[in-house]
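Residue numbering restarts at 1 for every chain, and letters A, B, ... go by the order of the sequence lines. Because the structure is predicted, anything quoted here is derived from the model rather than measured.
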2 protein chains.
Amino acid sequence: MPRPVSIDRAQALEQAMLLFWRRGYHQTSMREITAATRLLPGSLYGAFGSKRGLYLAALDHYHDGLQQALTAHLQGTAPPLERIRRFFAELLNGIARDPEGKGCLLINTLLEPPAADAEITQQAAAALAEVEAAFAVALEEAVGNGELADGPPPEARARLLMTGIYGLRVYQRTTPPAGVLNDIVETLLKVTLENPVAKEKRT
Amino acid sequence: MPRPVSIDRAQALEQAMLLFWRRGYHQTSMREITAATRLLPGSLYGAFGSKRGLYLAALDHYHDGLQQALTAHLQGTAPPLERIRRFFAELLNGIARDPEGKGCLLINTLLEPPAADAEITQQAAAALAEVEAAFAVALEEAVGNGELADGPPPEARARLLMTGIYGLRVYQRTTPPAGVLNDIVETLLKVTLENPVAKEKRT
DNA sequence: GATATAATTGAACAGTCGTTCAACTACTGG
DNA sequence: CCAGTAGTTGAACGACTGTTCAATTATATC
């Protein structure tokens, strides 16, 4: 009996997420969101409750995309170390294809406000923790393989890789000369994944 | 002949900086700043021109404090590697003494907005580049000393250390369990400063 | 086609934003 | 002690903020 929903929730979420990604939470006004989504305030409030609710939904949406990237690049049948290298190559690729310098929405979220909103902070942190966990799994596999020598536990190595990603995202904002980000990743992977002790073990 | 200035510019700047540090640029209103500095809008605008001008001055003020920390911990007569270790120890110390999780104002500045304001971004980036340069000098010295084995050039190693600091500041926002940040620094310093190839060279 | 239901509309709300400026005040040189 | 200068005051400005809600519209069932 009721009038059916005619709003394209998915499209609206995508547009809102892009806006939050580009401009941050506090700098993005509902007015801009209504303009970008071609929705009126009432519809947005009906669908998402509030600006905050919309942001949480946008974080979720971003998280979905990240998970796809994770399964596409970090899981698979290739040797675990190569999968990690590919993930970082894809990360650099993404940065190169991001001339606006938007960075990573989750990291931006963690650093943008004074982290006053515990729920938002925690949601972003949880999503990033998934990436870290995926790294740890791949690293453990690599050690089991003999691809990677013993050394710091997988969790510690995974944290180091995450630290590298976080650092990259900060460097990205300084608009460094071409090649610097690639160099950083190269050095990071070298010191994290090429334990010289293991050299003799490799084929 | 004119009425002398009765405003304590330094104290106002300190208060404003603390506020920006805690709450970020866009979240901090001039009203809050007038309350914290006990100054009226007119006085603030007379002394700093605009909210943006005040922020730039606050960044400068923060930069001054950072330079003091640099000369206190990263320069001196101790062996360069130990100076670097001390700098990181001091960094961890500062994080432990920062229950609010304010982080680093410069890094917050880089990540907070969409970096739309080129001058602000560049000022923050330049200040951080100074730290990186100081690392590079210390690392070069360490290689010359024989304290540190050859390997990646000092600039690359310095960038890795900066990446570590940036990463730490992001991790800090996730309110990780106690000890995690210390572990990260430990691993970072180990892989960056303890090149196993050099082991035989050490005393 | 009448009715019930809910999605949609957009003008309007109270509050806050960064900023301004005419009036006022306090001091110094003569 | 007067005149002149500039620092200080705070009410007020227009613009914009996130949000609401009565009116309107469109559909599905009976």
Atom-pair distance ([atom1] on [X]; [atom2] on [N]), nearest Å:
{"X": "Arg9(A)", "N": "dA7(C)", "atom1": "CZ", "atom2": "P", "result": "12 Å"}
{"X": "Tyr55(A)", "N": "dT19(D)", "atom1": "OH", "atom2": "C1'", "result": "20 Å"}
{"X": "Tyr45(A)", "N": "dT17(D)", "atom1": "OH", "atom2": "C1'", "result": "9 Å"}
{"X": "Asp8(B)", "N": "dG7(D)", "atom1": "CG", "atom2": "P", "result": "16 Å"}
{"X": "Gln27(B)", "N": "dT16(C)", "atom1": "CD", "atom2": "P", "result": "14 Å"}
{"X": "Leu44(B)", "N": "dT20(C)", "atom1": "CG", "atom2": "C1'", "result": "14 Å"}
{"X": "Leu40(A)", "N": "dA6(C)", "atom1": "CG", "atom2": "P", "result": "21 Å"}
{"X": "His26(B)", "N": "dT17(D)", "atom1": "NE2", "atom2": "C1'", "result": "15 Å"}

Considering just the side-chain nitrogens and oxygens of [X], establish if one lies under 4.0 Å of OP1 or OP2 belonging to [N].
{"X": "Arg31(A)", "N": "dT17(D)", "value": "yes"}
{"X": "Ser29(A)", "N": "dC16(D)", "value": "no"}
{"X": "Ser43(B)", "N": "dT9(D)", "value": "yes"}

**Prompt:** How is Gly42(B) classified with respect to the nucleic acid when contacts are heavy atoms under 4.0 Å: base, sugar-phosphate, or nothing?
**Reply:** base
**Prompt:** Hey, does Thr34(A) reach any base, or is it just sugar-phosphate, or nothing, if we go heavy atoms under 4.0 Å?
**Reply:** nothing
**Prompt:** When you check the gap from the basic side-chain N to the acidic O, do Glu186(B) and Lys190(B) get nearer than 4.0 Å?
**Reply:** no
**Prompt:** Among dT17(D), dG18(D), dT9(D), which is the nearest nucleotide to the side chain of Met30(A)?
**Reply:** dG18(D)
**Request:** Check every atom of dT8(D), dA11(D), dT9(C) against the side chain of Pro41(B) and return the nucleotide holding the closest atom.
**Result:** dA11(D)
**Item:** Short side-chain to backbone donor-acceptor contact, Glu32(B) and Ser29(B), under 3.5 Å
**Value:** yes
**Pairs touching residues 136-166 of chain A that satisfy ring-ring contact (aromatic ring centres under 6.0 Å, His included), sequence neighbours left out** = Tyr166(A)-Tyr171(B)
**Arg52(A) atom CZ, neighbour heavy-atom count above 12 within 6.0 Å** = yes
**Asked** Among Tyr62(A), Trp21(A), Tyr55(A), which one satisfies side chain to side chain donor-acceptor pair (under 3.5 Å) with Thr109(A)?
**Response** Tyr55(A)
